[in-house]
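Heads up: the structure comes next, in structure tokens.
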Amino acid sequence: MKLYEHIGKKLFFRYDIPIPYGKLAENAAEAAEAAADLGEVVIKAQVLSGKRGKAGAIAFAADPGEARREADRILQMNLGDAGVSKLLVEEKLNIEQEFYLAITVDGTTRRPIVLVSLDGGMDVEEVPEERMIRWTVDPYIGFQDYMVREICRRLGVGGELRKEFASLIPKLYRLFREVDAELIEINPLAVTQKGFIAADAKVTIDDDALYRHPQLPVIREKTVLELKAEELDLAYVELDGDIAIMANGAGITMATLDMVQHYGGAPANFLDFGGGADIEKTAQALELLLGTNPRVLLINIFGGITRCDVVAEAFARVKETRGIDLPVSFRLVGTNEAEGRAILQKVGIKSFTTMDEAVRHAVEMDRPS
Amino acid sequence: MKLYEHIGKKLFFRYDIPIPYGKLAENAAEAAEAAADLGEVVIKAQVLSGKRGKAGAIAFAADPGEARREADRILQMNLGDAGVSKLLVEEKLNIEQEFYLAITVDGTTRRPIVLVSLDGGMDVEEVPEERMIRWTVDPYIGFQDYMVREICRRLGVGGELRKEFASLIPKLYRLFREVDAELIEINPLAVTQKGFIAADAKVTIDDDALYRHPQLPVIREKTVLELKAEELDLAYVELDGDIAIMANGAGITMATLDMVQHYGGAPANFLDFGGGADIEKTAQALELLLGTNPRVLLINIFGGITRCDVVAEAFARVKETRGIDLPVSFRLVGTNEAEGRAILQKVGIKSFTTMDEAVRHAVEMDRPS
Amino acid sequence: MAIYINQDTRVLVQGITGRQGSFHTGQMLAYGTKVIGGVSPGKGGQVVEGIPVFDTAFEAMEKEPADASILFIPAPYAKDAALEALDAGIRILVLITEHIPLHDAVEIMACAESRGATVVGPNTFGLVSSGLCKIGIMPNRYFIPGPVGVVSRSGTLCYEIVGHLTENRIGTTTVVGLGGDRVVGLHFIDVLKQFAKDDDTKAVMLVGEIGGSAEEEAAAFVSSSMRKPVVAYLAGRSAPPGKRMGHAGAIIERGRGTFDSKVKALQKAGVAVAEMPAEIPEMIGDLLSESS
Amino acid sequence: MAIYINQDTRVLVQGITGRQGSFHTGQMLAYGTKVIGGVSPGKGGQVVEGIPVFDTAFEAMEKEPADASILFIPAPYAKDAALEALDAGIRILVLITEHIPLHDAVEIMACAESRGATVVGPNTFGLVSSGLCKIGIMPNRYFIPGPVGVVSRSGTLCYEIVGHLTENRIGTTTVVGLGGDRVVGLHFIDVLKQFAKDDDTKAVMLVGEIGGSAEEEAAAFVSSSMRKPVVAYLAGRSAPPGKRMGHAGAIIERGRGTFDSKVKALQKAGVAVAEMPAEIPEMIGDLLSESS
């Protein structure tokens, strides 16, 4: 779960990580009021998209009037499907230098990794390897002071800057562990007269650990359908095509999408309904897909924990109660295959045994010759 | 640093470890008042000696009158050189069973160790090995829930008791780590209708880590001289004999005492003034010893970091300013030995080169034939 | 010779009394796996599918020493059970559990590393040495002995591919599911090293997907040290960048781990990359007859 | 052959710019020790006694790879410096520092164990392979080559005893100070194992004291596996029980670790226990001539 900047900064504040003075504004008047208090300000759309700067959703304002105008403008924007409902109005920092600092988990080493660079800002991805320090942390030993000394030596940093890093990184690491973060990123980490200030805050909490953090606000930036899928514990992503796809397992669902595209079709979604779903859940997944009004429905089941008869039964039930009148391409093999196939036949659906046949059939039906 | 029971229990309370209701009393009236609030009570002298129970410094009282009388009696007591100035007056527990629970560091494994026994109480040292669980904890992994399950299995404990242990031990381990304890002991750990209650609390904080815990009260149960020695950073213990002993290093000081005893003498103290002391500190150590009015002074120096000339100079200075008129046996070898010997000669002291000679000389002077 | 596990591997089931645990204990026994005990706190003394249940892994190891353990433990308790198994002396830990918190997985891996134990998963279907020992949840009938070593990040997609092989009468030596999480114990490269040494394995099938850099690392190993033919299939060609698709690992981050970068790396290492699962049996068949 | 360290051992000094660090660097150099660098954060580039100073142990290891490191670091910072040395790849860590917090020592030992490194101390005088390499703070002149291996919990008392040996022209192979704290890296038994294997060591001198159970464990080892003569001296016969005497370890706890229990265990194992330091040279001399 990604956190909005202002929530990430609240966490920073709680861990004694310096942040700019700022206020949250929900309309232009509040933004102007904040500017009256803070002087020169920066106004930032509170959205989860990473490209606010390039999209123009960050603006400076010298006075309350300008703050009002810019706030008005930004509140009208649409950023990555989502509107802007909140603005963070902060004192404009006198930035001398922009650093980059992040902590995440590296899948390759299976350990936390601290990333530090003296070249922060918008183009941090282009920083050459030798100017980006990657420090892998033994989770049992944790982040120790000597690591700051060595990181700073490699960066060629001493004096006050080293003291700032020595104070900052251990706090950030503690936050990282204690809130079960997947990623904490400060970019830019502003160097000012007053020392380091986190000018931005990107914090992503591990979804699987959210149950341990009931105090965190729930943040969702999803479509209504995606939210509904989440409630049903389905992995669902909307796409632009016409062929609705449902399969059991993330890998095989991806492979199904790949094949649809390979044969010239366009997937309408990604829907992995997981393993071992019961009739009820399978039926709900189907209903959700049908609600998106696709042109063709492609179901690809390779039964393992998932039982073919359960999927077929769910399909039959939905067909009877709600009606399914679009073309369906159904692939069904694996556990209780014969039973499943029989159920489908009763409701007039012929099923395929291979993914290849099923996908080709779906694509053909989508583009009648 | 040993903590008084009531301070240990305050720590327990802060870590959500159940303790009895209780009040601190400094006189009989306060004890009676506490008994009026609490009903039947137990009154316990707040001293650091381990044998309060056997010494009669713990008493039960059924009503405020009895509480007043018992408090009066205990406040008159002398326990291991120390008077009783505070009493802990607690509700009398309805104890069904007495367990034993402790955490300390085991020098052999170099790791924390959790000790648990279902046979708690006064004679816990006699509990047979097989009824005392010793669970060594990897400091990096910490104390995990599964350890409670296995400890309980070995103890043959299930159900509610296991739940109580599962709730208690992890808290105690956290306390142990976070306050830098050398030892935490709950004996007895009372099993009552309301679950576990820590009927006693023995907490010893690592002296070397006290600087990290400024919030802890400073507790000293030492003689005036020992306190003064502590201020001077000397390792000093008072003993019953006549020969004052000063040496550099704990091992050699112990060996000097052993040899004094071997030759029939009686040491007046243990004083290790450490390595590398300067003239000032050495002189202060000497002054302290002389202040105890011993019959003989034995100084045993094997100079390494400690310089012989510095010790000799300190001795000469004290002799000149204060006067040293008791018999002195001085052994002096090692770093700057010649210089030291010359300085001593000037103030009329002949020094020995071996420990054996010096000790024998000291014992002879103590018992003139 | 089989890698990781074989007919003598003694297997413990943690969480044996649950729905999944008991069902798959039966399935593993049916496959021929030596399941020798189960763990379920507070249920010691029960019997599941003829297998004795113990209260703790320590008790199990005392009474029925095991080499490997498979975990059917709900995510919030999985770390504790995994550390218990490692502390009790288990050498191979198979973590079926999905949704284990990331930081818990990090700790499990660090603990396993310090004890020299092997972790498969989490969020894996397990592993099987075909015909000898299955420690996992995959359908028994697809895993018949043969010359192909299979290693996969996905579950059902792996069954799909092994199913294609089986239909074409191509069996497997060992099939390993790495698991779909960001932090998993075994990576492609670990399993490839084993396959490289295993005389019975004549060809290797690698089933990857977008995200992470495990496929690129595998390609580097194949290029430097692998003498056996390798076929790969990768899922996620059509995935839009940055969208999360069920597997936490399947996020495209910073240009690393894209479909194209993986295909390029593998092909450069001499790996044949299949376009579709259905092509795989023929590709493997050809490579096997070439190399024999 | 020398145990732990020899003429080729490259030694780093952490805290080299301090009073103690610089003094003992000079002393070690005078003894012949290969001190190759020092560490002192913020003082990189300086030179102490002709030895280059680096900002971090990593930098030192990059530029002047070392095998061992000796720490003259104040107690509150000792854990950090010790972990740094271990992380940078130091194999033998000599902790001179006194008053390191107990829980810090526990962590240092756990970290060293996970990396297979040896820790001497804390609160030790160090160790010396006589005539070859001294890593410690003991006076140089007492440590001359010879046939006796010495291992001691105390400092000055050990010098006293080695001094007696030296006066009697009995030299030493290696002298190891275990350190006086409750938690130390090497125990008697570890060093005895090395002496047992070391051809140059013909007899062993063990200097113990009351408290702990290290002497009892040493006795068990001598009894089962030591073929060489061992002499022991123990301090603390006259210590009143339960009084703390400078060494945290020297507390008599629960009847374990008393003077009598140690003497009894050692004597039962065939160890000659000296009554007084002055007797030791003759005892050792007799045993050496017997065994040769």
Taking atom types as modelled, which donor-acceptor pairs link chain B and chain C at under 3.5 angstrom?
from	atom 1	to	atom 2	distance (Å)
B/Asp145	N	C/Asp80	OD1	3.2
B/Tyr146	N	C/Asp80	OD1	3.0
B/Tyr146	N	C/Asp80	OD2	3.1
B/Tyr146	OH	C/Asp87	OD2	2.7
B/Arg149	NH1	C/Asp80	OD2	2.9
B/Arg149	NH2	C/Asp80	OD2	3.1
B/Arg149	NH2	C/Glu84	OE1	2.9
B/Glu150	OE1	C/Thr56	OG1	2.5
B/Arg153	NE	C/Thr56	OG1	3.4
B/Arg153	NH2	C/Glu62	OE2	2.9

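Listed by chain and number, the residues in a side chain to side chain contact (heavy atoms under 4.5 Å, CB included) with B/Glu96 are B/Val191, B/Gln193 (sequence neighbours excluded). Shown here are the salt bridge (charged side-chain N to carboxylate O under 4.0 Å, His left out) partners of B/Lys10, two or more places apart in sequence or in another chain: there are none.
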Taking distance alone, no hydrogens or angles, what donor-acceptor pairs closer than 3.5 Å link side-chain atoms of residues 11-23 of chain B to residues at least two apart or in another chain?
from	atom 1	to	atom 2	distance (Å)
B/Tyr15	OH	B/Glu178	OE1	2.5
B/Asp16	OD2	B/Lys171	NZ	3.4
B/Lys23	NZ	B/Asp37	OD2	2.3

